[in-house]
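Just below is one structure, and these are the notes that go with it.
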Amino acid sequence: MPASPAIRTKGLVKRYGSEVLAVDGLDLEVARGECFGLLGPNGAGKTTTVEVLEGLLEPSGGEVEVLGQRWDTHQHELRARLGITLQQTHLPDRLTVYEILRLFRSFYRAGRTVEHVLALVALEEKRNAWYEKLSGGQKQRLAVACALVGNPELLFLDEPTTGLDPQSRRQIWDIVGDMKAEGRSILLTTHYMDEAERLCDRVAVIDRGKVIALGSPRQLIEQVVGHEIVEFGTPASVDAAALAGLAGVTAVRSIPSGFALTVERVHVTVPALLAFLEAREVPLERLSTHSATLEDVFVTLTGRGLRD
């Protein structure tokens, strides 16, 4: 018999009162050993979905299975198999790193040693430091360590690197990479598209409580957007239909004070664009090009940025 998915939802619904529909018939399936990303703007339903999967919220409707079990029948077994890092973690200021990890380790019958987890998150030198003395990156690594100390089969990471400096972000990425190498399942929410592209095997883009796109980062970029983006700004009005007729342009969308063009070949489109603007005496304020990203996927699908 094939192993059940790490996560499966069918028609998941979560309402708050009679007016707020946070999750609207969500279907998801996360394979064992997969790092799966949930992407979307604030208010899209990501955190609500994750909290239902973690057993922190009861669904209003639909089916939810985690590691082949249900929260209403296997609550205690599931808690021993999961590791959870929330968006914000507040731990006692006057406990040391070692004391906090020893406390969390005591919640599990089996798991990793405190020494092992300290090494995993590179906090050996801070083992005797009070929590209040840690930097933001060190506190976040400690939060991840608390999720790892039970040796989880499935790890939930809800925006684990928000607000961290680049070095701390990369340290968290290394930890996730190690978990992937061990074949563990990971569900990640993030606002950082480079993070999703680097870590996730597949992603689901969520908007208004629904999945609007699903696939690997590269598949979504190629299927939804294309390969290259040319952005330019101008104070004058430009006919979008005329831009669509330029060489190599496959799509046009408005952005603040300008346009973003999806193109097949930058070196063909940019000269054509410059000639187009010059012929119409349209001033050019800025021009940039970049490879298409998951941010472009989301904007193309919803017309909004991930942080809107």
Side-chain angles (χ1 to χ4, degrees), residues 6-7 26 28-42 44-47 49-50 53 85 87 137 140-141 144 147 154-207 210-231 250-251 253 255 260-266 288-308:
I7 294 169
L26 198 68
L28 279 182
E29 188 167 300
V30 178
R32 301 274 182 142
E34 181 176 33
C35 183
F36 190 92
L38 287 182
L39 311 180
N42 292 329
K46 303 187 307 297
T47 294
T49 298
V50 170
L53 296 174
T85 299
Q87 281 190 23
Q140 192 62 13
R141 278 185 280 148
V144 174
L154 172 59
L155 183 63
F156 289 95
L157 298 174
D158 196 359
E159 299 188 19
T161 64
T162 297
L164 298 187
D165 61 89
Q167 180 180 0
S168 296
R169 286 181 67 204
R170 283 174 173 77
Q171 288 172 326
I172 299 292
W173 291 358
D174 290 342
I175 294 168
V176 175
D178 291 341
M179 297 300 101
K180 286 180 62 178
E182 293 179 4
R184 300 180 191 277
S185 308
I186 302 165
L187 183 70
L188 171 76
T189 73
T190 181
H191 274 147
Y192 298 115
M193 294 302 93
D194 56 337
E195 185 165 278
E197 290 183 44
R198 173 167 176 158
L199 298 178
C200 296
D201 301 301
R202 289 190 303 145
V203 297
V205 180
I206 294 180
D207 190 32
K210 291 180 177 290
V211 173
I212 59 174
L214 176 67
S216 73
R218 181 47 50 192
Q219 286 173 337
L220 291 183
I221 290 168
E222 293 179 355
Q223 293 172 6
V224 177
V225 181
H227 297 285
E228 302 290 338
I229 306 294
V230 176
E231 294 186 358
T250 59
R253 58 181 167 85
I255 59 175
L261 312 178
T262 302
V263 307
E264 295 174 344
R265 292 171 292 175
V266 169
S288 64
T289 67
H290 65 267
S291 296
T293 67
L294 287 175
E295 181 91 23
D296 297 305
V297 169
F298 190 85
V299 172
T300 298
L301 290 170
T302 70
R304 296 187 293 151
L306 278 156
R307 294 172 186 81
D308 289 350

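Here the straight-line distance linking atom NZ of K46 with atom CG of D207 works out to 10.0 Å at 0.5 Å rounding. Distance check, rounded to the nearest 0.5 Å: CZ of R198 to SG of C35 gives 12.0 Å. Once rounded to the nearest 0.5 Å, the distance linking CG of L38 with CG of L53 reads 8.0 Å. In this structure, H290 NE2 and E228 CD are separated by 8.5 Å, a value rounded to the nearest 0.5 Å. Here the CG atom belonging to L188 is positioned 14.0 Å from the CE atom belonging to M179, to the nearest 0.5 angstrom. For the atom pair CG of L154 and CD1 of I7, the computed distance is 5.0 Å after rounding to the nearest 0.5 Å.
R202 is linked by a side-chain contact (heavy atoms from CB on, under 4.5 Å) to E34, F36, L214, counting only residues two or more places apart in sequence or in another chain. By the side-chain hydrogen bond (donor to acceptor under 3.5 Å, both in side chains) test, D165 is found to be paired with S168, residues two or more places apart in sequence or in another chain being considered.
Side chain of T189 to backbone of E159: a donor-acceptor contact under 3.5 angstrom is found. A donor-acceptor pair under 3.5 Å is formed between the side chain of E197 and the backbone N or O of L294. A donor-acceptor contact shorter than 3.5 Å is absent between the side chain of D178 and the backbone of I175. Under a 3.5 Å cut-off, the side chain of Q140 and the backbone N or O of T161 do not form any donor-acceptor pair. S216 places a side-chain N or O within 3.5 Å of a backbone atom of Q219 that can act as its donor or acceptor partner.
Enclosure of atom CD in E182 by more than 12 non-hydrogen atoms of other residues, nucleotides or ligands within 6.0 angstrom is indicated.
Of all heavy-atom pairs between S185 and A31, the closest is OG-O, 3.9 Å. Shown here for M193 and E295, the closest heavy-atom pair between the two residues is CG-N, 3.5 Å. Across all their heavy atoms, K180 and D201 have their closest contact at NZ-OD1, 3.7 Å. When all heavy atoms of T289 and V266 are compared, the closest pair comes out as CG2-CG1, 3.9 Å. The heavy-atom pair separating V297 from L220 by the smallest distance is CG2-O, 3.7 Å. Residue I206 comes nearest to A44 through the heavy atom pair CG2-O, 3.2 Å, listed as atom of the first residue, atom of the second, then distance.
Residues I229 and T262 have side chains in contact (heavy-atom distance under 4.5 Å, counting atoms from C-beta outward). Using a 4.5 Å heavy-atom cutoff, the side chains of L199 and Y192 are not in contact. Using a 4.5 Å heavy-atom threshold, the side chains of E231 and I255 count as touching.
Ion pairing of D174 with R141 is absent here, as no side-chain N (NZ or NE/NH1/NH2) approaches a carboxylate O to less than 4.0 Å.
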